[in-house]
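Report on the following structure.
Please read these numbers as outputs of a predicted model, since none were measured by experiment.
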Amino acid sequence: MGAQLRVYKRRIRSVTATKKITKAMEMIAASRIVKAQRQVAASTPYATELTRAVTAVATGSTTKHPLTTEADAPARAAILLITSDRGLAGGYSANAIKAAERLTERLRGEGKEVVTYVIGRKGVAYYGFRERKVADSWTGFTDSPTYADAKRAAAPLIEAVTQETAEGGVDELHIVFTEFVSMMTQNPVDNRMLPLSLDMTKAEEGKGEILPLFDFEPSAEDVLDALLPRYVESRIYNALLQAAASEHAARRRAMKSATDNAGDLIKSLSRLANAARQAEITQEISEIVGGASALADATAGSDK
């Protein structure tokens with residue numbers, strides 16, 4: 001076997017092994033998407049109804065509360081960025097980071113100081129490599145988040161919202177995550193969690209929907225104090241689930257593309273290997289024919 005043919009054979013074995021790995025990862029991601037979709041579907045109604053309840057409290061009372069009241073001159077804003085812990089998911093984390101960077105630039109353009117919180121090793125590595133300060137970070141659960149993970153991430157954010165700005169608090173809380181639309185479509189979005197936007201109320205009224213009326217006991221302020229952590233935790237949990245489903249879908253798509261590319265490369269290398277083998281056979285035949293011809297000529301010369 002010639003040197004060129006050995007090189008092609010070695011590359012074919014290497015690409016075949018890689019193809020097996022990417023195919024396995026594609027199948028694992030596909031199986032996890034179904035579970036992630038169910039979790040998203042189960043958590044979304046709770047988050048939606050809780051948001052409606054908070055909106056009803058905000059529109060039905062005049063109580064000033066960090067959850068519903070806009071600051072006169074907002075000076076600090078917090079951003080919670082959700083990325084992945086692992087790679088091999090195409091541009092999933094990169095797109096979320098770009099969305100966070102655009103939001104950061106917009107808030108700074110409005111004269112606000114931005115405080116960043118990050119979930120996922122990819123986001124932590126991005127800010128760490130650039131030596132940019134991160135207020136807090138969490139890793140190790142992005143592909144299968146639980147409500148306990150959401151509570152852990154929500155705790156410092158709730159504390160920052162309830163503090164005065166001079167004491168390190170923030171006036172606004174934004175979240176950047178990847179919204180799961182379908183198996184083929186996942187969109188990075190940025191939503192403002194606090195203060196609660198009343199645009200949802202106007203939209204529902206425009207659709208003819210009537211918000212429920214509530215009686216507050218002991219007071220609207222106490223109700224908002226009780227709802228604040230539940231609201232933030234539920235929104236973060238739903239965002240984590242949406243991001244997890246998006247991550248699995250992006251990884252499945254990336255691994256399918258890698259598997260298909262590996263198959264195409266194997267075919268190309270096989271053709272090159274066949275051509276190299278044919279060239280070797282032709283060379284060997286030429287050498288045999290040339291040697292036989294030379295031997296015949298030498299024999300004929302000796303007979304004379």
Side-chain angles (χ1 to χ4, degrees), residues 29 32-33 35-37 39-44 46-48 51 77-107 114-130 132-158 160-161 170 172-182 185-194 229 231-254:
R32 289 179 175 176
I33 290 173
K35 179 181 178 182
Q37 284 181 293
Q39 290 179 318
V40 171
S43 70
T44 299
Y46 175 79
T48 301
T51 302
I79 296 177
L80 175 62
L81 168 63
I82 300 177
T83 62
S84 66
D85 286 322
R86 298 185 295 127
L88 301 178
Y92 166 77
S93 292
N95 292 334
I97 291 172
K98 288 178 183 177
E101 291 291 88
R102 289 193 295 268
L103 176 60
T104 299
E105 291 300 319
R106 177 166 63 82
L107 293 175
V114 177
V115 183
T116 305
Y117 298 80
V118 181
I119 294 177
R121 291 190 178 93
K122 291 298 179 180
V124 173
Y126 175 85
Y127 286 95
F129 180 77
R130 288 158 181 77
R132 294 168 60 179
K133 185 178 179 182
V134 173
D136 207 344
S137 61
W138 304 267
T139 60
F141 55 82
T142 58
D143 61 344
S144 184
T146 63
Y147 196 82
D149 299 321
K151 288 186 67 173
R152 189 152 52 92
L157 296 171
I158 296 171
V161 169
V170 297
E172 295 178 0
L173 175 57
H174 300 257
I175 184 169
V176 179
F177 65 99
T178 305
E179 181 183 31
F180 181 84
V181 180
S182 67
T185 306
Q186 302 87 42
N187 299 324
V189 296
D190 63 88
N191 293 334
R192 192 181 76 172
M193 285 197 294
L194 295 175
Y231 169 75
V232 175
E233 290 166 6
S234 67
R235 289 291 297 272
I236 292 177
Y237 181 52
N238 184 258
L240 284 171
L241 294 177
Q242 295 253 14
S246 299
E247 179 185 347
H248 294 317
R251 181 168 291 111
R252 175 186 175 275
R253 191 167 60 251

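- Across every non-hydrogen atom of Ala254 and Ala89, the tightest pair is CB-C, 4.1 Å.
- Taking Arg106 as the reference, Glu110, Asp190 meet the salt bridge (charged side-chain N to carboxylate O under 4.0 Å, His left out) condition, with sequence neighbours excluded.
- In this structure the side chain of Leu194 reaches within 4.5 angstrom of the side chain of Val232, judged on heavy atoms.
- When every heavy atom of Tyr147 is checked against every heavy atom of Ser234, the shortest pair comes out as OH-N, 4.0 Å.
- For the atom pair Arg192 CZ and Leu173 CG, the distance stands at 10.0 Å (nearest 0.5 Å).
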Result block: side-chain N/O donor-acceptor pairs under 3.5 angstrom for residues 136-143, not counting sequence neighbours:
unit_1 : atom_1 : unit_2 : atom_2 : d
Thr142 : OG1    : Asp85  : N      : 3.0
Thr142 : OG1    : Asp85  : OD2    : 3.1

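- The backbone N or O of Met193 lies less than 3.5 Å from a partner atom in the side chain of Tyr231, making a donor-acceptor pair.
- Between Glu247 and Lys122 there is no salt bridge, since no side-chain N of the basic residue sits under 4.0 Å from a carboxylate O of the acidic one.
- Between Ala100 and Leu81, the shortest heavy-atom distance links the atoms CB-CD1, 3.8 Å.
- Going from atom OG1 of Thr44 over to atom OH of Tyr237 covers 10.5 Å, rounded to the nearest 0.5 Å.
- Proximity of a side-chain donor or acceptor of Gln242 to a complementary backbone N or O of Phe180 within less than 3.5 Å is detected.
- Using modelled atom types, one side-chain atom of Thr83 and one backbone atom of Ile119 make a donor-acceptor pair closer than 3.5 Å.
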| task | Could you give me the CA-CA distance, side-chain angles and deciding distance for Arg32 and Arg251, then say whether side-chain contact (heavy atoms from CB on, under 4.5 Å) is met? | result | CA-CA 11 Å; Arg32 289 179 175 176; Arg251 181 168 291 111; over 6 Å; no

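- Separating the CG atom in Leu241 from the OG1 atom in Thr146 is a distance of 9.5 Å, to the nearest 0.5 Å.
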| said: Checking Ile79 against Thr104 for the side-chain contact (heavy atoms from CB on, under 4.5 Å) test, could you report, in this order, the C-alpha distance in whole Å, the side-chain angles of both residues, the deciding distance, and whether it holds? | reply: CA-CA 8 Å; Ile79 296 177; Thr104 299; 3.4 Å; yes

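- Taken to the nearest 0.5 Å, the NZ atom of Lys35 stands 13.5 Å off from the CD1 atom of Ile33.
- Of all heavy-atom pairs spanning His248 and Ala36, the tightest one is CD2-CB, 4.2 Å.
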| query | Hey, mind stepping through Val176 and Val189 against side-chain contact (heavy atoms from CB on, under 4.5 Å) and telling me if it holds? | reply | CA-CA 6 Å; Val176 179; Val189 296; over 6 Å; no

| message | side-chain contact (heavy atoms from CB on, under 4.5 Å) for Leu240 and Phe177? Distances and angles first, verdict last. | response | CA-CA 8 Å; Leu240 284 171; Phe177 65 99; over 6 Å; no

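- Tyr92 places a side-chain N or O within 3.5 Å of a backbone atom of Ala243 that can act as its donor or acceptor partner.
- Judged purely by atom type and a 3.5 angstrom limit, Asn238 has no side-chain atom pairing as donor or acceptor with the backbone of Arg235.
- The two residues Ala245 and Val40 make their nearest non-hydrogen contact at CB-CG2, 4.4 Å.
- In this structure, the side chain of Thr178 does not engage the main chain of Gln186 through any donor-acceptor pair within 3.5 Å.
- Closest non-hydrogen pair, Val170 versus Val115, comes out as CG1-CG2, 4.3 Å.
- The distance from the NZ atom of Lys151 to the CD1 atom of Ile158 is 9.0 Å, given to the nearest 0.5 Å.
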